[in-house]
Amino acid sequence: MEPPAGVRLYNTLTRAKEELHPVSAGNVGMYSCGPTVYRYVHIGNLRTFMIPDLLCRTLEYLGHRTRQVMNITDVGHLTDDTFDRGEDKMLVSARLEKKSPEEIAAFYTQAFREDAATLNIRPAAEYPRASHYIPQMIELTTKLIEKGHAYEVDGTVYYDIASFPAYGRLSGNSTDKLLAGVRGEVDPRKRHPGDFTLWKAAGEHRLQVWPSPWGPGFPGWHIECSAMSMSLLGDRFDVHSGGADNIFPHHEAEIAQSEGVTGHRVVSCWMHGGLLLLAGSRMAKSAGNFFRIRELEEQGFDPLAFRYLALQAKYRTKLNFSTDGLAGADRALRNIREHLIEWTRAGDVAAGEGTDDAALEKRFRSAIADDLDLPEAMALVSELTRSKVAPGVKARLLRSWDRVLGLDLERPEPRRALPPGAAEVLAAREKARAAKDFARSDQLRDELASLGIAVIDTPEGQRWRVQAVRQGSK
RNA sequence: GGCGCCGUAGCCAAGUGGUAAGGCAGAGGUCUGCAAAACCUCGAUUCGUCGGUUCGAUUCCGACCGGCGCCUCCA
């Protein structure tokens, strides 16, 4: 094996692409902000979760080993949220019946893992849960107080951002201008309006409360990631990823916490994914303008079409989602699948013509190594398709690339059941065609179309496929 | 108000100081009994607007217009 190839990644902290130099050579440790498991994840969340997946796949393809940790936030959000549309009725009632936060978290964690798997996002090596790291969070908070980065008032501990000069570097904010005008009421106990909570004294209606040196309470919103990332990956690790909305305040706070305790740089590279937009606005749980991957599946889309769609855009830019766009990706994906089947069937791996494949492979590798340039990689897939490379070689190359793309191109197409009566119509049409009764044959084809069955005539006879039932147009 | 991102063909979306990837849609053709699928060919003299730098800018700088995001839980 050749040594691992260099990978360049865009670092939000420096706003530049940097060569990745793992703390432990050839072995990349990465931490990713995962879901808050009190609701379902939507496709915007999933797009962000694709980043560590694609990074792991890329690194492994290029000869590195990886260790991916993704946190599950199961603390702090279960007070009195309003219900989502489309939420499982059982869950609504479960909550109304005061089911435990643990039960809620377990349910949505499972749903998240299933949704991720549907998009062929490989599981992380570990999924630490915030609720299991309370002692570590208390420990970090204690150290921050000792080091003069935090102070306690009435059982609540605040981070003193004035004590950490680099605060604001990640997001470009400066502490003096921060929050100048927008905030409503400022907690009068804070020394600076931008100080954030490390530990919060428990209020009246809290479901989750833990004892602490400062009295009963629960951890602040940012400390969990400092605790879990350093507990599992050490106080120096390579990559931390999340959505662009996490840059401030979440990751800014995390840097202040982790570096405040250790006194040195903890994360080498901060990667942030662009948000998914729906009709020009951010897809968000709170706004209610989101799709679950299950919903798209129910509308008849191949869930991996969303993956295809996401791969066509740079992970860092916002992406305008529409079901029309998804339909295009769905079609393109199906097309590639059929190509692969044909090439495999053709099967000749004859060397002669396939001289371009080495060059294509090289370009593919350099594309993915360049800050995960999947749009370029996808363009190469098209170039490969149109190239003169021998079919067998095309098939081999595409299968190899799919280890990175994760489109599961060899997945057998799910056979949809024929609607009632359709089999008889198909049989009748076959007879009509045998008798060269084309008028009858065409009429039956129309009839099948109205049942949602597309019929294609081939030299080997008619082939049929149950069409996806799409909502809306067509 | 502060900070950050963006404005490229009908839609989605790459990209570069030297003259615009890719996908979907669309048009023509091959194939087909007819279709469909597939395959082949075609599309921005132009990259929000106006200036500036430059031999040359879509790419650099400035202004302006427009959109989005963060500053409150949020991928």
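Naming convention: chains lettered A, B, ... in sequence-line order (proteins, then strands); numbering from 1 in each chain.
Within 4.0 Å of A/His339, counting heavy atoms only, lie sugar-phosphate atoms of the nucleic acid but no base atom. Backbone-only engagement by A/Gly34 is indicated by non-hydrogen atom pairs under 4.0 Å involving sugar-phosphate atoms exclusively. Within the 4.0 angstrom heavy-atom criterion, only backbone atoms of the sugar-phosphate kind lie near A/Gly172; the bases stay farther away. The residue A/Thr317 sits close only to the backbone: its heavy atoms come under 4.0 Å of sugar-phosphate atoms, none of a base. Heavy atoms of A/Ile51 sit nowhere under 4.0 angstrom from any nucleic acid atom. The residue A/Val381 sits apart from the nucleic acid: no heavy atom pair falls under 4.0 Å.
For A/Asp442, the side-chain hydrogen bond (donor to acceptor under 3.5 Å, both in side chains) test picks out A/Arg445, with sequence neighbours left out. Partners of A/Tyr308 according to the ring pair (Phe, Tyr, Trp, His ring centres under 6.0 Å) rule, which considers only residues two or more places apart in sequence or in another chain, do not exist here. Residues satisfying the side-chain hydrogen bond (donor to acceptor under 3.5 Å, both in side chains) criterion with A/Thr58, sequence neighbours excluded, are absent altogether. With sequence neighbours left out, the ring pair (Phe, Tyr, Trp, His ring centres under 6.0 Å) criterion links A/Trp401 to A/Phe364. Here A/Glu18 pairs with A/Asn11, A/Thr14 under the side-chain hydrogen bond (donor to acceptor under 3.5 Å, both in side chains) rule; sequence neighbours left out. A/His222 pairs by the ring pair (Phe, Tyr, Trp, His ring centres under 6.0 Å) definition with A/Phe196, A/His250, not counting sequence neighbours. Applying the ring pair (Phe, Tyr, Trp, His ring centres under 6.0 Å) criterion to A/His42, with sequence neighbours excluded, gives A/Phe290.
For A/Tyr315 and B/rG15, the OH to C1' distance is 16 Å, given to the nearest whole Å. In this structure, A/Phe321 places its CZ atom 11 Å from C1' of B/rC12, rounding to the nearest Å. In this structure, CH2 of A/Trp270 is placed 19 Å from P of B/rG4, rounded to the nearest angstrom. Rounded to an integer number of Å, the gap from CG of A/Leu277 to P of B/rC5 is 16 Å.
Taking 4.0 Å as the cut-off between side-chain N and carboxylate O, A/Asp115 and A/Arg294 count as a salt-bridged pair. We find that A/Asp357 and A/Lys388 are not joined by a salt bridge, their nearest charged nitrogen and carboxylate oxygen being 4.0 Å or further apart.
Candidate nucleotides B/rC73, B/rC34, B/rC70 were compared by shortest atom distance to the side chain of A/Tyr38, and B/rC73 ranks first.
Taking for each of A/Phe438 and A/Asn320 the nucleotide of RNA chain B with the nearest heavy atom, the 5'-most of the two is the partner of A/Asn320. Nearest-nucleotide mapping onto RNA chain B: of A/Ile456 and A/Ser441, the residue sitting toward the 5' end is A/Ser441.
Of the side-chain N and O atoms in A/Thr36, one or more sit less than 4.0 angstrom from OP1 or OP2 of B/rA75. At B/rG33, none of the side-chain N or O atoms of A/Arg433 fall inside 4.0 Å of OP1 or OP2 (strictly under the cut-off).
If you check distances only, the side chain of A/Arg445 never reaches the base of B/rA36 with a donor-acceptor pair under 3.5 Å. Judged by distance alone with a 3.5 Å cut-off, a donor-acceptor contact links the side chain of A/Asp442 to the base of B/rG33. Not a single donor-acceptor contact under 3.5 angstrom links the side-chain atoms of A/Asn173 to the base of B/rC70. Judged by distance alone, with hydrogens and angles left aside, A/Arg316 brings no side-chain donor or acceptor close enough to the base of B/rC5 to form a pair under 3.5 Å.
The closest donor-acceptor contact from the side chain of A/Asp238 to the backbone of A/Gly29 lies under 3.5 Å.
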Atom pairs, protein N/O to nucleotides 26-29 of chain B N/O, distance under 3.5 Å:
none

Contact list (N/O, under 3.5 angstrom) for nucleotides 21-23 of chain B vs protein:
| from | atom 1 | to | atom 2 | distance (Å) |
| --- | --- | --- | --- | --- |
| B/rG22 | O3' | A/Ser382 | OG | 3.2 |
| B/rG22 | O2' | A/Ser382 | OG | 3.2 |
| B/rG23 | O4' | A/Gln312 | NE2 | 3.1 |

